[in-house]
Amino acid sequence: MSIVYRSSAQRGQIWQDWLAEHAPDLPFYQWPETGDPSQVRYLVTWEIPEDLSEQFPNLEVIFSVGAGADQFTSAQIPDGVSVVRMIEPGLMDDMAAYITFSVIGLHRGMPRYLQQQQQQLWLKHEAVAASRCHVGILGLGNLGQASARVLTSLGYECSGWSRSEKSVAGVTSYFGDDQLADFLKQCDILVCLLPLTDLTRGILNHQLFNQLPDGACLVHAGRGQQLNHQDLLEALDSGKLGHAVIDVTDPEPLPSDHPFWKHPGIWLTPHIASETHPESSVKVLLDNIRRHQQGQPMNGLIDMQRGY
């Protein structure tokens with residue numbers, strides 16, 4: 001049995017060298033090389049190639065190279081093939097760092113100070129204690145929990161919302177549609193780390209923003225299709241929202257004339273909040289392959305009907 005890898009060539013070379021040393025029984029091919037297609041059991045990719053079942057008739061597992069698998073559709077996955085998303089320490093650490101940076105920056109008013117610098121204004125503003133700044137995290141999966149752990153350690157009051165009930169130390173948990181309004185009404189800073197599903201597509205819209213406290217801020221590092229751009233601009237321009245840190249958009253990159261580029265209330269980053277680390281992610285991949293070979297549950301297994 002063999003592995004076919006279809007993503008960044010640089011990362012693929014690191015994985016190929018490491019696996020050659022630590023798992024010589026697993027031939028590793030970088031696309032478009034595949035070896036004997038009938039021997040391919042594992043495909044590592046961000047996008048599904050066409051005619052997958054014909055190309056690899058004995059494929060058993062598709063591994064996403066990222067934290068999500070919403071780029072795959074059920075129609076693309078052959079019957080009996082499992083889908084696994086990437087869960088690795090480097091990816092979670094990166095996301096927790098990005099969310100923490102964003103929350104601290106918004107809490108301490110850094111966008112306003114940056115604007116003052118451009119205007120040559122030397123003007124101090126009241127610094128509110130972290131314990132008085134309530135951070136709400138939409139999506140309490142691995143990335144949300146990692147972010148919450150760091151924020152609570154810094155003294156922030158954190159709550160989290162998810163579709164199903166979660167228990168995270170130091171975090172007040174809300175779940176289900178019935179508890180969403182109670183969650184939103186107390187969020188000084190709202191962080192979106194939701195997976196993309198039919199239920200979360202477009203969720204960041206005027207209806208949600210209107211349930212936040214006036215002047216609340218947004219950090220969006222979930223998926224681009226979850227954000228209604230016009231609703232965000234209107235919320236910022238009306239003062240309903242104070243500022244927004246946006247790492248994901250739809251499309252990516254944004255057109256050159258898109259208002260996000262120059263809006264004073266938006267910090268825009270080019271989808272860099274969290275990226276898979278080659279050295280640690282290949283170990284996660286091999287661990288999951290060994291689990292699969294031994295009939296054990298794999299970490300990050302996706303329910304394609306739910307989308308996560």
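Panel note: side chain D17, backbone A20; no donor-acceptor pair is recorded below 3.5 Å. Without hydrogens or angle criteria, D250 side chain to G224 main chain gives no donor-acceptor distance under 3.5 Å. Between the side chain of E54 and the main chain of D51, no donor-acceptor pair closer than 3.5 Å is present. Put simply, the side chain of Q115 gets close to the backbone of P264: a donor and an acceptor are under 3.5 Å apart. Side-chain atoms of E252 come within 3.5 Å of backbone N or O of T249 as a donor-acceptor pair. Q179 contributes a side-chain N or O that, together with a main-chain N or O of F175, makes up a donor-acceptor pair within less than 3.5 Å. The backbone N or O of T172 sits nowhere less than 3.5 Å from a side-chain atom of S159 that would complete a donor-acceptor pair. With hydrogens and angles disregarded, a donor-acceptor distance shorter than 3.5 Å links the side chain of S64 to the backbone of G68. The backbone N or O of P255 sits less than 3.5 Å from a side-chain atom of W261, completing a donor-acceptor pair. The backbone N or O of M1 lies less than 3.5 Å from no partner atom in the side chain of R41, so there is not a single donor-acceptor pair.
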- Task: Please report the C-alpha distance between W46 and Q71 in whole Å, then the side-chain angles of each, then the deciding distance to 0.1 Å, and finally whether the side chain to side chain contact (heavy atoms under 4.5 Å, CB included) criterion is met.
- Result: CA-CA 7 Å; W46 180 251; Q71 70 277 22; 3.0 Å; yes
- Message: Pair H206, Q211 - check side-chain hydrogen bond (donor to acceptor under 3.5 Å, both in side chains), show working.
- Response: CA-CA 9 Å; H206 68 89; Q211 297 179 73; over 6 Å; no
- Decide yes or no on side-chain hydrogen bond (donor to acceptor under 3.5 Å, both in side chains) for S7 and R11, but give the supporting numbers first. CA-CA 8 Å; S7 190; R11 177 171 54 204; 2.9 Å; yes
- Test log, rule salt bridge (charged side-chain N to carboxylate O under 4.0 Å, His left out), inputs D287 and K283: CA-CA 6 Å; D287 177 68; K283 299 176 183 178; over 6 Å; no
- Go through the steps for F63 and L43 under the test side chain to side chain contact (heavy atoms under 4.5 Å, CB included), then give the verdict. CA-CA 6 Å; F63 293 98; L43 173 65; over 6 Å; no
- Message: Apply side chain to side chain contact (heavy atoms under 4.5 Å, CB included) to residues V135 and D188 and explain how you reach the verdict.
- Response: CA-CA 6 Å; V135 181; D188 298 310; over 6 Å; no
- Task: Could you walk me through whether L193 and V219 pass side chain to side chain contact (heavy atoms under 4.5 Å, CB included), step by step?
- Result: CA-CA 9 Å; L193 287 172; V219 180; over 6 Å; no
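Under the 4.5 Å side-chain criterion, counting only non-hydrogen atoms from C-beta, L236 is not in contact with F209. Counting heavy atoms from C-beta outward, W267 and M110 have side chains that approach closer than 4.5 Å. Between T200 and L138, the closest side-chain pair of non-hydrogen atoms is not below 4.5 Å. By the 4.5 Å heavy-atom criterion applied to side chains, L184 and W161 are not counted as neighbours. Two residues are said to be in side-chain contact when any heavy atoms from C-beta on lie closer than 4.5 Å; L180 and K185 fail this criterion. Residues L91 and H277 are not in side-chain contact: their nearest non-hydrogen atoms beyond the backbone lie 4.5 Å or more apart. Proximity of E88 to T276: side-chain heavy atoms (C-beta onward) are separated by under 4.5 Å at one or more points. N299 places a side-chain heavy atom less than 4.5 Å from the side chain of N288.
I289 and V65 fall within the same hydrophobic cluster, where Ile, Leu, Val, Met, Phe, Trp and Tyr residues are linked whenever their side-chain heavy atoms come under 4.5 Å apart, directly or through other members. Connection of L254 to L227 is established within a shared hydrophobic cluster, with ILVMFWY side chains joined at heavy-atom distances below 4.5 Å, either directly or through further cluster members. In terms of hydrophobic clustering, with Ile, Leu, Val, Met, Phe, Trp and Tyr side chains grouped at heavy-atom distances under 4.5 Å, M86 and V84 are assigned to a common cluster. Tracing side-chain contacts under 4.5 Å through hydrophobic residues (I, L, V, M, F, W, Y), one reaches L154 starting from M92; they form part of the same cluster. L114 and V103 fall within a single hydrophobic cluster, where Ile, Leu, Val, Met, Phe, Trp and Tyr are joined by side-chain heavy atoms under 4.5 Å apart, directly or via other members.
Closest approach of E279 and V282 over heavy atoms only: O-CG1, 3.6 Å. Scanning both residues, L123 and Y113, for their nearest heavy atoms gives O-CE2, 3.3 Å. The shortest non-hydrogen separation linking G136 to C187 is CA-SG, 3.6 Å. Across every non-hydrogen atom of C133 and I189, the tightest pair is SG-CD1, 3.8 Å.
In this structure, CD1 on I137 lies 11.0 Å from SG on C192, to the nearest 0.5 angstrom. Residue I3 holds its CD1 atom at 6.5 Å from CZ of F28, rounded to the nearest 0.5 Å. For the atom pair CD (Q55) and OG (S38), the distance works out to 13.5 Å, reported to the nearest 0.5 Å. Residue L194 holds its CG atom at 9.0 Å from NE2 of H220, rounded to the nearest 0.5 Å. Put simply, SG on C158 and CD on Q145 are 12.0 Å apart, with the number rounded to the nearest 0.5 Å. If you take CG on L232 and CG on L241, they are separated by 6.5 Å, rounding to the nearest 0.5 Å.
Ring to ring, Y5 and Y29 are not that close: their centroids are 6.0 angstrom or more apart. Taking the six-membered ring for Trp and the full ring otherwise, the centers of Y42 and H292 sit less than 6.0 Å from each other.
Counted within 6.0 Å of CD on Q10, heavy atoms from surrounding residues, nucleotides or ligands total 12 or fewer; the atom is thus considered open. Counted within 6.0 Å of CD on E33, heavy atoms from surrounding residues, nucleotides or ligands total 12 or fewer; the atom is thus considered open. In this structure, D178 places its CG atom where only 12 or fewer heavy-atom neighbours from other residues, nucleotides or ligands lie under 6.0 Å away. The 12-atom threshold is not exceeded at CZ of R132, counting heavy atoms of other residues, nucleotides or ligands nearer than 6.0 Å. Taking a 6.0 Å sphere around CD of E50, one finds it holds 12 or fewer heavy atoms contributed by other residues, nucleotides or ligands. Residue K240 places its NZ atom among more than 12 non-hydrogen atoms of other residues, nucleotides or ligands, all under 6.0 Å distant. Within 6.0 Å of the CZ atom in R6, the count of heavy atoms belonging to other residues, nucleotides or ligands exceeds 12. The environment of D198 atom CG is sparse: at most 12 non-hydrogen atoms of other residues, nucleotides or ligands sit within 6.0 angstrom.
Under the 30°/60° scheme for interplanar angles, the aromatic rings of H258 and F260 are found to stand perpendicular.
Neither side chain, Q226 nor R223, offers a donor N or O lying under 3.5 Å from an acceptor on the other. A donor atom on one side chain and an acceptor atom on the other are not found under 3.5 Å apart for H134 and Y156. Judged purely by distance below 3.5 Å, without hydrogens or angles, the side chains of N142 and R85 pair a donor atom with an acceptor atom. Counted by atom type alone, T269 and D247 present one or more donor-acceptor pairs between their side chains at under 3.5 Å. At a cut-off of 3.5 Å, with distance as the only test, a side-chain donor of D237 or H263 sits close to an acceptor on the other residue. A donor-acceptor pair shorter than 3.5 Å cannot be found between the side chains of E234 and H229. A donor-acceptor pair shorter than 3.5 Å cannot be found between the side chains of S153 and R149.
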